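Below is one structure; the comments refer to it alone.
Just so we're clear, the structure is a prediction, and the values are computed from it rather than from any experiment.
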Amino acid sequence: VLDELRNAVGADHVLTDPDVVAGYVIDWTGRFRGATPAVVRPAGVDEVARVLQICAAARVPVVPQGGNTGLVGGSVPQHGEVVLSLRRLDRLGPVDAAAAQVTAGAGVTLGRLQEHAHAAGWEYGVDLGARDTATVGGTVATNAGGVHVLRYGSTRHQVVGVQAVFADGSVIDRLDGLEKDNTGYDLGGLLCGSEGTLAVVTAARLRLVPRPRHVVVALLAFDDVDDALAAVGALRRAVDALRALEFFEQRGVDLVRAQMHVPPPFPEDHGAYVLAEAAGGTDPTEALADAVDRLARVRDVAVATDARAAAPLWQYREAHSEAINLIGPPHKLDVTLPADRLAPFFTRIRGTVAAVAPDAQVWLFGHAGDGNVHVNVTGVEPDDERVTDVVLRFVAELHGSISAEHGVGVAKRQWLHLTRSPAELQAFRAIKDALDPAGILNPNVLLP
Ligand SMILES: Cc1cc2nc3c(=O)[nH]c(=O)nc-3n(C[C@H](O)[C@H](O)[C@H](O)COP(=O)(O)OP(=O)(O)OC[C@H]3O[C@@H](n4cnc5c(N)ncnc54)[C@H](O)[C@@H]3O)c2cc1C
């Protein structure tokens with residue numbers, strides 16, 4: 001099989017040296033690690049098709065991998081699978097201004113896509129902290145969310161069509177950019193959130209939005225989480241140019257400050273923080289300021305009206321993942337709650353974790369505008385699943401979802417039944433069996 005793979009993509013692009021493949025077999029958090037006989041790096045859709053034909057014929061399982069920034073262990077070979085790295089598929093087409101679309105190869109990073117769109121006066125609606133490494137293919141496969149979901153939706157909402165290769169090597173190509181096309185099943189939509197289990201995404205046709213001329217960021221301090229949550233609802237109602245509403249706590253600020261050596265945001269500490277970003281063709285600063293003035297319980301405010309001043313405010317939120325990793329490896333439990341269950345969730349979550357792991361530390365932050373809380377837990381062994389179990393059961397009890405945006409991966413597959421019914425799981429299995437009958441595509445993730 002290795003010889004055939006070398007013939008397909010060139011010997012230089014079948015990596016087998018343990019030192020060279022080391023970075024491909026461990027996840028970003030350091031919690032999930034495995035081994036692989038080879039990392040295969042095709043350069044285009046035809047080579048991807050050939051690789052899958054070879055692997056299907058030999059029944060060799062394959063783990064597709066983009067930037068390897070996924071947070072549920074799904075991009076790591078757990079049981080000696082071949083890693084199919086898509087990073088060399090990095091062609092970026094010209095921005096189509098008439099259609100407000102662009103075609104991007106699976107290996108293009110979000111950061112490069114954003115720069116490309118900005119240069120043409122546009123923006124891509126998905127943005128997240130791992131932008132310089134996460135790829136278009138990985139974000140489609142995980143249906144990535146990020147900081148602008150409340151305005152533009154998740155990756156699924158940006159995808160007009162995809163080019164992808166099924167497990168048998170057959171190719172689908174829907175990159176023509178038709179905004180309307182009701183000719184049957186939306187296969188591109190099906191691949192959003194499929195985590196590499198149904199096909200390998202090789203390119204995507206993506207929607208763009210006009211690049212806003214004005215962006216204003218406000219960091220708001222509150223005494224406690226209840227006041228911060230009340231502000232989130234009020235700001236959503238009052239400011240139609242809002243595009244990010246992030247949440248974090250004082251203990252998260254303390255950790256970021258200690259790990260990143262940055263000054264405090266305000267002279268005094270506060271219990272909870274909301275970071276609000278508004279953007280538009282006309283300046284939203286006044287609308288945001290008026291809305292903040294009307295918030296009864298805001299204790300302090302820092303405002304930035306240009307990118308240079310906004311970066312340090314964003315850093316308090318975006319550096320959470322990296323700062324936690326430095327004291328990790330963490331158990332990363334990314335969940336969503338209905339808006340009216342967030343308050344009871346925050347009240348009880350630390351007690352829930354303490355019941356099974358009294359010495360664990362719990363870090364809470366996330367995309368408050370979407371009801372999306374990142375529950376990060378440190379001080380627990382990587383293979384100790386007790387914390388995951390109690391947190392995900394608690395989320396299910398509150399009618400939330402056990403994965404808001406990171407996916408199910410390896411980390412949560414055994415809990416999927418908590419929030420997906422037997423009928424849904426049966427449909428998942430039928431789709432998987434139809435598209436990948438030999439089960440060679442990412443066999444360790446998603447499906448219980
Ligand atoms: C600092 C940091 C911040 C983050 N912030 C966010 C956030 O705000 N929102 C969010 O949603 N996520 C976030 N993430 C998680 C991560 O960036 C996303 O899940 C991202 O979509 C993964 O992209 P990737 O290219 O790194 O994919 P990988 O990690 O390589 O793979 C992820 C999954 O997709 C599959 N896959 C990858 N490429 C393909 C392909 N071409 N075809 C088929 N399957 C494929 C893999 O098999 C795996 O199951 C963050 C991660 C970090 C490290």
Side-chain angles (χ1 to χ4, degrees), residues 8-9 13 15 24 28 39-53 55 62-70 74-77 81-95 101-117 124-128 130-144 146 154-156 158-167 169-177 187-208 407 409 435-436 440-442 445:
V9 302
H13 296 294
L15 314 177
Y24 294 85
W28 189 84
V39 175
V40 182
R41 293 167 32 92
V45 60
D46 294 343
E47 290 187 7
V48 172
R50 186 71 199 114
V51 168
L52 289 182
Q53 280 163 356
C55 291
V62 171
V63 174
Q65 191 181 92
N68 197 15
T69 66
S75 49
V76 174
E81 296 82 8
V82 162
V83 174
L84 179 60
S85 170
L86 284 310
R87 285 185 226 174
R88 289 178 70 218
L89 276 70
D90 61 356
R91 274 179 46 191
L92 200 42
V95 168
Q101 295 174 359
V102 67
T103 299
V108 171
T109 63
L110 278 190
R112 214 179 121 222
L113 175 59
Q114 289 291 12
E115 275 171 27
H116 184 64
Y124 179 53
V126 173
D127 192 24
L128 43 87
R131 60 183 72 78
D132 292 328
T133 315
T135 62
V136 165
T139 53
V140 170
T142 58
N143 183 30
S154 62
T155 299
R156 174 175 284 128
Q158 326 305 324
V159 173
V160 185
V162 301
Q163 182 193 63
V165 185
F166 289 124
S170 55
V171 175
I172 54 167
D173 196 327
R174 308 293 295 181
L175 298 177
D176 292 329
L187 297 177
L190 181 63
L191 297 188
C192 294
S194 63
E195 302 188 38
T197 59
L198 300 181
V200 175
V201 176
T202 49
R205 182 77 175 173
L206 301 166
R207 281 186 193 98
L208 299 173
L435 296 183
D436 178 18
I440 64 158
L441 282 176
N442 219 356
V445 308

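- At least one donor-acceptor pair under 3.5 Å links the side chain of Arg87 to the backbone N or O of Gly66.
- A donor-acceptor pair under 3.5 Å is absent between the side-chain atoms of Arg156 and the main chain of Asn143, judged by distance alone.
- Checked by atom type and distance alone, the side chain of Gln114 never pairs as donor or acceptor with a backbone atom of Asp127 at under 3.5 Å.
- From Arg41, atom CZ reaches atom OH of Tyr24 across 4.5 Å, with rounding to the nearest 0.5 Å.
- Distance check, rounded to the nearest 0.5 Å: CD1 of Ile440 to CG of Leu52 gives 5.5 Å.
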Between Thr202 and Gln163, is a side chain to side chain donor-acceptor pair (under 3.5 Å) present by the stated rule, with each step listed?
-> CA-CA 6 Å; Thr202 49; Gln163 182 193 63; 2.8 Å; yes
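- The main-chain N or O of Asp90 is found under 3.5 Å from a side-chain atom of Arg112 such that the two form a donor-acceptor pair.
- Using a distance-only test at 3.5 Å, with no hydrogens or angles considered, a donor-acceptor pair links the side chain of Thr155 to the main chain of Ala144.
- At distances below 3.5 Å, not a single donor-acceptor pair connects side-chain atoms of His13 with backbone N or O atoms of Ala8.
- Between Thr69 and Ala134 the shortest heavy-atom distance is OG1-CB, 3.6 Å.
- Pairing each heavy atom of Ala117 with each of Leu208, the nearest pair is CB-CD2, 4.1 Å.
- Within the 3.5 Å criterion, the main-chain N or O of Phe166 finds no donor-acceptor partner in the side chain of Ser170.
- The minimum heavy-atom distance linking Leu441 with Ala167 is given by the pair CD1-CB, 3.8 Å.
- The minimum heavy-atom distance between Ser85 and Val39, with the atom names listed, is CB-CG1, 4.1 Å.
- Between Pro64 and Leu86, the shortest heavy-atom contact is CB-CD2, 4.2 Å.
- Each salt bridge (Lys or Arg N to Asp or Glu O under 4.0 Å) pair with one or both residues in residues 187-202, not counting sequence neighbours, would appear here, but there are none.
- Interatomic distance, OG1 of Thr139 versus CG of Leu206, reported as 7.5 Å (0.5 Å rounding).
- Taking the side chain as every heavy atom from C-beta outward, Val159 and Leu191 never approach each other to under 4.5 Å.
- Note that CD of Gln101 is 4.5 Å distant from CZ of Arg205, once rounded to the nearest 0.5 Å.
- A donor and an acceptor atom, one from each side chain of Thr109 and Asp132, are nowhere located under 3.5 Å apart.
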For Thr197 and Asn442, what are the C-alpha separation, side-chain angles and deciding distance, and is it a side chain to side chain donor-acceptor pair (under 3.5 Å)?
-> CA-CA 5 Å; Thr197 59; Asn442 219 356; over 6 Å; no
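- Side-chain atoms of Leu435 and Leu190, non-hydrogen and from C-beta on, do get closer than 4.5 Å to each other.
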